[in-house]
Amino acid sequence: MSPDVISAPARVDTPKSDRAHSRARAARKRKAVVLLARVLLLVAVLGLWEVLARTEVIDPFNFSMPSKIWDQIYTWITHGTALGSLGEQIWVTLQEALLGWIIGVVAGVLCGIALGRIAFLADVLGPYIKVLNSIPRIVLAPIFVIWFGLGPSSKVASAVVLVFFPVFFNAFQGAREVDRNLVANARILGASDRRVTLQVVIPSATSWIFTSLHVSFGFALIGAIVGEYIGATKGVGLLVAQSQGTFNAAGVYAAMVILAVVALVAEGLLTFAERRIFRWKPSDSEH
């Protein structure tokens with residue numbers, strides 16, 4: 001009789017693991033299809049734009065064309081702009097937008113949580129906040145230039161007022177939507193109002209707040225650009241104004257492309273941070 005040979009049992013996939021593998025494959029396939037569709041759509045739009053401009057179906061002077069826009073970006077990258085290097089202009093605008101975004105987010109979260117938790121404050125300040133929210137905030141940019149001058153402060157102020165309100169309303173709603181049972185249980189366990197706010201309300205409102213962050217950074221960029229467009233010494237917004245003043249349509253579109261890339265990078269970073277923080281939440285592919 002040959003010696004006993006102990007072999008490892010063959011791995012048997014359970015129906016549950018089979019379903020999980022199938023969902024994962026389907027999710028990967030769908031991501032690939034979506035990415036391919038996005039690329040094809042972009043290529044089709046740019047190609048059609050180029051053809052229409054070259055055949056003068058649309059006026060190439062006013063609408064420019066993708067090839068000229070790329071040439072303008074390449075020129076700015078390699079030879080700089082009339083204001084200095086392209087990187088410097090992007091960094092100036094990004095600094096203004098980031099600072100305005102941070103201030104607006106912090107102010108919006110604090111005010112939203114406070115009014116969401118304290119009904120008296122909400123009753124008193126609610127009408128004033130609604131009135132301020134109804135003001136077209138872009139028109140405040142010239143006022144900020146008068147108040148703070150052509151420096152970064154006026155651009156930061158423009159970004160703050162654009163960021164504050166979407167963050168505020170989401171934080172306010174998140175504080176109001178907290179599960180009352182969680183609050184009641186925390187109070188039964190002896191938690192003070194401060195501990196309830198810090199350990200129950202704010203964590204529960206975090207998903208609401210993150211939803212507003214995706215939109216608010218774009219608003220911060222808009223605020224910085226509008227402020228630079230009205231009056232500045234550096235920045236991408238000033239590039240737009242100069243390109244418009246010299247009837248350089250390619251320069252205007254090139255600046256818009258640069259801003260779109262910056263916004264997409266910021267969106268990707270926010271999405272990554274949100275996924276890291278909310279790892280416990282099921283992804284769309286798991287539903």
Side-chain angles (χ1 to χ4, degrees), residues 93-149 151-180 193 197-198 200-232 235-237 240 256 259-260 262-264 266-267 269-271 273-274:
T93 300
L94 193 57
Q95 280 183 309
E96 296 163 349
L98 275 173
L99 185 56
W101 182 71
I102 291 171
I103 295 173
V105 166
V106 172
V109 169
L110 292 179
C111 293
I113 296 295
L115 269 66
R117 292 282 294 144
I118 305 173
F120 179 75
L121 280 179
D123 293 338
V124 172
L125 299 178
Y128 297 103
I129 291 175
K130 291 178 181 178
V131 169
L132 292 174
N133 186 46
S134 66
I135 297 175
R137 288 177 286 282
I138 293 297
V139 303
L140 295 175
I143 297 176
F144 292 144
V145 171
I146 295 173
W147 287 355
F148 304 116
S153 299
S154 57
K155 288 70 179 175
V156 171
S158 298
V160 168
V161 296
L162 284 172
V163 169
F164 173 82
F165 287 98
V167 176
F168 167 81
F169 285 115
N170 272 42
F172 176 81
Q173 192 64 29
R176 286 291 181 92
E177 294 292 332
V178 175
D179 189 343
R180 299 303 173 188
D193 286 341
T197 300
L198 293 177
V200 177
V201 176
I202 292 179
S204 298
T206 303
S207 59
W208 288 81
I209 295 169
F210 258 94
T211 300
S212 67
L213 297 188
H214 291 279
V215 179
S216 61
F217 187 78
F219 287 162
L221 276 175
I222 292 171
I225 291 298
V226 170
E228 291 172 349
Y229 183 85
I230 292 173
V236 179
V240 174
M256 292 170 60
L259 290 173
V262 172
L264 286 175
E267 171 69 17
L269 293 175
L270 284 172
T271 301
E274 184 177 14

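All values reported here derive from a predicted model rather than from experimental measurement. Numbers here are sequence positions counted from 1.
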- Where do Gly108 and Ala171 come nearest, in terms of heavy atoms and distance? O-CB, 4.0 Å

- Item | Sidechain-backbone polar pair: Ser154 side chain, Gly149 backbone, donor-acceptor under 3.5 Å | yes

- Gap between atom CZ of Phe217 and atom CG of Leu98 - 0.5 Å precision: 4.5 Å

- Item | Separation between CD1 of Ile113 and CD1 of Ile209, rounded to the nearest 0.5 Å | 5.0 Å

- Message: Contact between Trp101 and Leu213 at the side-chain level, heavy atoms closer than 4.5 Å - yes or no?
- Response: yes

- Minimal non-hydrogen separation, Phe172 against Ala122, with atom names: CE1-CB, 4.2 Å

- Item | Euclidean distance, Phe164 CZ relative to Phe169 CZ, rounded to 0.5 Å | 8.0 Å

- Note on the structure: Exactly one of Leu264, Ile222, Ile225 clears side chain to side chain contact (heavy atoms under 4.5 Å, CB included) with Leu259, and that residue is Ile225

- Task: Output, in order, the C-alpha distance, side-chain angles, deciding distance and verdict of side-chain contact (heavy atoms from CB on, under 4.5 Å) for Ile129 and Phe165.
- Result: CA-CA 9 Å; Ile129 291 175; Phe165 287 98; 4.1 Å; yes

- Whether Lys155 side chain and Ala141 backbone form a donor-acceptor pair below 3.5 Å: no

- Item | Shortest non-hydrogen separation from Gly237 to Glu228 and the atoms involved | N-OE1, 2.7 Å

- Message: What's the separation between atom CG in Leu115 and atom CG in Leu110, rounded to the nearest 0.5 Å?
- Response: 11.5 Å

- Item | Atom of Ala220, atom of Ala97 and distance for their closest heavy-atom approach | CB-O, 3.5 Å

- Would a distance-only check, ignoring hydrogens and angles, find a side-chain to backbone donor-acceptor pair under 3.5 Å from Thr93 to Val236? yes

- Item | Single hit among Val167, Val105, Val163 for side chain to side chain contact (heavy atoms under 4.5 Å, CB included) with Ser212 | Val167

- What closest approach, in Å, do Val139 and Pro136 show between heavy atoms, and which atom pair accounts for it? CG2-O, 2.8 Å

- Message: Show the nearest heavy-atom pair for residues Ser158 and Gly223, with the distance to one decimal.
- Response: CB-O, 3.4 Å

- Message: Determine whether Val161 and Phe144 satisfy the following criterion, side-chain contact (heavy atoms from CB on, under 4.5 Å), listing intermediate values before the conclusion.
- Response: CA-CA 11 Å; Val161 296; Phe144 292 144; 3.8 Å; yes

